Amino acid sequence: MIATPESFTHDVHSDAASGGYTVYSLPTAAPGKRVTGRDLPRADATAKVTGRAVYNTDIVRPGMLHAKVLRSPHAHARLVSIDASAARALDGVTAVLTRNETVGLACYGTMVKDQPVVATDAVRYVGDIVAAVAAVDESTALAALDLIEVEYEILPAVFDVEQALDPSSPTIHPVEPRGGLPPYRNGASASLRSGHNVSYEFRYSTGSPDVWDECDHIFEDTFRFSRMNHMHLEPFVTVAEATDDEIEVWTATQSPFNLRQELGHVFNLPENRIRVHVALLGGAFGAKNGPKADPVAIRLSQLSGGRPVRFCMSTEEGFLTVSQHAAKLTVKAGVKADGTFVARTSTVLLDSGAYAEHSPAVAEKAGYRMPGAYRWQHIDTVCKAVTTNTVPAGAMRGFGATQTTWAGERQVDLIAQRLGMDPYELRLKNLKKLGEEFVPGDAGIDSDLAEGMRLVADAIGYHTRDRGGNRGMGVCVGLKDSGGGNKPAMARVKVTANGDVFLNCALTEMGQGGHSAMSQIVADVLHTSRDRVVYTRIDTDHTPFDQGTNASSGVVVMGQAVRNAAENLRRQVLEWAGEQFALDPATAVLDDWTVRTPAGEVYPLFERIMEYFGHTGFEFSADGYYKVRNDADAPLAARCVFYEIGWAAAEVEVDPETGKVTVLQLAVSGDAGKVINKIGCRGQDEGAAVLGLAQALFEEMRYENGELLNAEALLYRVPLAEDIPERFVSITQEQGHGAGPFGAKGMGEGGMLPIAPAIAQAVADAVGAQLTELPMTPERVFRALSIGGVSSLLPLSHA
Amino acid sequence: MTEYPDRDPDRSTAADGELDTCIEFALNGVKQIVRVDANAILLDVLRNNHGCKGVRASCERGVCGACTVLVDDLPVASCSTFAFSVDGASVETVEGLAAPDGTLSPQQRAFSECGGFQCGFCTSGMLMLTTGLLRQDPQPDRGTIREWISSNTCRCTGYEMILESVERAAELAGETNGESA
Ligand code: FES
Ligand code: FES
């Protein structure tokens, strides 16, 4: 049932004890548009509950070999010598890969290409790959690794962004890597190697700095953001069959075409000599962008005479492969006495680890997203990707916006306290309105931000809260541009004589429900049931091009390409039917593989198609394409295609004796624009919220003097069912302003953004401790209590 | 190395000269007699020798529960169980849940109806855990469900929909039993 605004209010309050899930539709969401089966189970349900679903981990090729890698025990060391002769001589070993076998191979990375297939001159973090072995089984490969002797000369290492920027610290990449920058416009700019150990720097500036003079107060605060591991359950895995002339991989990647391009670059091959297959992904959350297990598996296969090589990393190796970005964020705000926001500047230092990986793209977004949900007259933000001797950081759910929302929203709370205002009122006063440009030249905000805040606040009873008993509440909103603005997507739809539909597109299914949503869009356009639509396997030789499954843009960007393909196909079928049955294709409709006319005539298609095409069958086929057009005014070269917004409200109880925070209630909400699959929408927001909850309270990769202390499943604490707050409310909004099919918007990243700041605000509301660092462990909360937290703060009004 | 005709080279645990042992167990109700290496892991034997690819391997440290199977009705992490230890036992995997004609079990129906998964990598383990729980306690309350489900990890769903799936599974199983009674 779709809740109307009235019934919604009723639902939430009547269900105050247990929480639950609601879809809340604003009148702006076109109710008449049908979306076939919005309440259907996911399209992949049967395969997944029977265990028959095939993931990339399940791929077996005849004669398959197994790879294992030797990783550096040192954070920074020169490779003096490597002796692999004993490993090569071991029975069952088909190839050993060291720097000697990488001649002619290039490095990889987004914008900055600095990561080699295996280390050549030096190792740059604990876990860097030094050598690899292919053998008949994993135990032989492991035994061979023990026989490889490496001589290291230890070099000084840096583990902290500030230390890394200090010119007296070691240079981690002495040789300038290859790289290139995308076009930036209208206030945005970037440079490579702008400073000591800075691989990439993004800057965005708009409005006049003169407005600082109009400010009654200027506040500057510094925030720290912790580092999480993706810990998707399906590990990084690749099966490669490769020779010097041809590469075929079955791999866990979110971006098969980007991977093909990158592999072409690394192995110096034309892209039509490389073929990438992708099965279902067992989670990714951004980690499966770019090469992971691929280069090693491919090179070992080349060295093993083209035999298939499988490289499947362990969970522990996953920790040593990619992580989220830790960050230090300094934010300065100029405000008027009445709380009006005027100017914001910020410097964001992202810890990008030893290799650039996806860091430039994340840094671009962290720099650009700093304005958040608020109206500022002047903005000046800088974000640097800083190289350190730690695990490379890359794309992760929230992509730069989790970091900026933490700092940005936290500072709003600090400002509220300094001005003696209610943080909710301060937000309302400064929130951008529906339709207002995010920044000059970019698209207008496509959700009512205040409405979403009201919803989550009401859901936990924010305005009628009782402030006693060390309890407190917080409400936050996180906003990010969606990505996907400048990215093309293509799709193909085919229909057999029988009306059986094939959907051919490269949106990877990593759990988000993309296959369900795409199949439903096709079914909707063709007026057929979703069960008649098959989502074909992804294979870069045959699947139409797509830039990658990321930034929650699938449902909008690929969704539009899919819808266009289905509409083109429908047109084609109706035109053919028009000739066959002498009817007007403009007024006829396609319905369950028959054609109907306004006069009520019904023409089944199957018999006529068989007859016309000589009884041997036929397939109609049509392509669809989508891309937002380039725009000289848009800072990132094309306007944002939709904004992804997450709202959260939390109630906590803090034990002042221990600093322990218990989340009593958590209400989260995202705007689907228009729901295509309810189960998918709900799962995306709730899953993201729980990641955010874990980052807020306990989940973190802990480094001590450069040593990663908890890089394994046993020690790294991920949230469990027991960690879910007692009352957990989630609300999918249908505000109806999305750019996707039927008004849909993407979901799944937004849910992560507001959680930590909402909880932090609730902690402050409860006991007056203002946290500026994540996670909010009992120790940190306790310390913030005893020393009074951030300096220059007035006491909270109730404290 | 000992050669077994049904052996897939994938994830072999054999090394020269290691002892092997002959075990007998019921896999999804069907008797099996196999030789396994003394140090063979149940997960590998199920996936590689018996083609039970629905049993998922993730952490292989007994932490995440993706590999959960039932041994004599109790959920165990098959990645942390020696194969020899199931000698004489009944082992059930996700492949055994549906009826032979493909009819889904109440647990399977509940998980697909309530969306108790996203990527699905944890799902086989969650389903086996649920099956084990419902055998112990056909009408568990929320707290019990939460406690049991906390032994497995799901990185995607945020758990609420899994908890609802288990509640729904109990309901459906109750109905089925009611009908057959
Ligand atoms: S794979 Fe067995 S518990 Fe994780
Ligand atoms: S559905 Fe992905 S881990 Fe549970």
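First the proteins, then the strands, lettered A, B, ... as listed; each starts at 1. If you're wondering where the values come from, they're calculated on a predicted model, not measured in any experiment.
Heavy atoms from other residues, nucleotides or ligands lying under 6.0 Å from CG of B:Asp141 number more than 12. Residue-environment remark: CD (B:Gln139) stays at or below the threshold of 12 foreign heavy atoms within 6.0 Å.
A:Ala53 touches chain B through backbone and side chain together, each having a heavy atom under 4.5 Å away. Only the side chain of B:Glu164 comes within contact range of chain A, judged by heavy atoms closer than 4.5 Å. For chain B, no part of A:Leu280 is nearby; none of its heavy atoms comes within less than 4.5 Å. Within the 4.5 angstrom heavy-atom criterion, no atom of A:Ser314 approaches chain B. Of the atoms belonging to A:Pro719, heavy atoms from both backbone and side chain fall under 4.5 Å from chain B. Heavy atoms of A:Leu691 lying under 4.5 Å from chain B belong exclusively to its side chain. Heavy atoms closer than 4.5 Å to chain B are found in the side chain of A:Glu316, but not in its backbone. Using a 4.5 Å cut-off between heavy atoms, B:Arg109 does not touch chain A at all. Heavy atoms closer than 4.5 Å to chain B are found in the backbone of A:Pro725, but not in its side chain. Of the two parts of A:Met231, the backbone and the side chain both hold a non-hydrogen atom closer than 4.5 Å to a non-hydrogen atom of chain B.
Here ring pair (Phe, Tyr, Trp, His ring centres under 6.0 Å) pairs that include residues 126-146 of chain B, with residues two or more places apart or in two chains, number zero. Here ring pair (Phe, Tyr, Trp, His ring centres under 6.0 Å) pairs that include residues 68-95 of chain B, with residues two or more places apart or in two chains, are B:Phe82-B:Phe84.
A:Arg682 contributes atom CZ, which lies 5.0 Å from atom CE of B:Met161 (distance to the nearest 0.5 angstrom). Separation of atoms CD (A:Glu686) and OH (B:Tyr159) is listed at 13.0 Å; rounding is to 0.5 Å. Atoms CG and CZ, from A:Asp58 and B:Arg47 in turn, are 4.5 Å apart once rounded to the nearest 0.5 Å.
The interface of residues 112-122 of chain B with chain A, defined by heavy-atom distances below 4.5 Å, comprises B:Ser112, B:Glu113, B:Cys114, B:Gly115, B:Phe117, B:Gln118, B:Cys119, B:Gly120, B:Phe121, B:Cys122.
The side-chain heavy atoms of B:Lys53 and A:Val54, taken from C-beta on, include no pair separated by under 4.5 Å.
No other option in B:Val63, B:Asn152, B:Val55 has as many heavy-atom pairs under 4.5 Å with chain A as B:Val63. Between chain A and the residues B:Thr123, B:Ile149, B:Thr157, B:Thr153, the largest count of heavy-atom pairs under 4.5 Å involves B:Thr157. Taking chain A as the reference chain and counting heavy-atom pairs below 4.5 Å, the highest number among B:Cys59, B:Gly54, B:Ser150, B:Ser58 is found for B:Ser150. Most heavy-atom pairs under 4.5 Å with chain B, from the set A:Ala721, A:Ser516, A:Gly687, A:Ala45: that is A:Ala721.
Summarising the geometry of B:Ala66 relative to A:Leu233, their closest heavy-atom pair is CB-CD1, 4.4 Å, with the distance given to 0.1 Å.
In terms of modelled atom types and a separation under 3.5 Å, the side chain of B:Arg56 and the main chain of A:Glu234 share no donor-acceptor contact. A donor-acceptor pair under 3.5 Å links the side-chain atoms of B:Gln108 to the main chain of A:Val49, judged by distance alone. Between the B:Arg155 side chain and the A:Val718 main chain, no donor and acceptor come within less than 3.5 Å of each other.
Remark: A:Asp723 pairs with A:Arg717 by the salt bridge (charged side-chain N to carboxylate O under 4.0 Å, His left out) rule, at least two apart or across chains.
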**Asked** Between A:Glu138 and B:Asp44, does a side chain to side chain contact (heavy atoms under 4.5 Å, CB included) hold up when you go through it step by step?
**Response** CA-CA 12 Å; A:Glu138 288 190 343; B:Asp44 297 332; over 6 Å; no

- Message: Checking A:Val690 against B:Glu160 for the side chain to side chain contact (heavy atoms under 4.5 Å, CB included) test, could you report, in this order, the C-alpha distance in whole Å, the side-chain angles of both residues, the deciding distance, and whether it holds?
- Response: CA-CA 10 Å; A:Val690 170; B:Glu160 275 294 313; over 6 Å; no

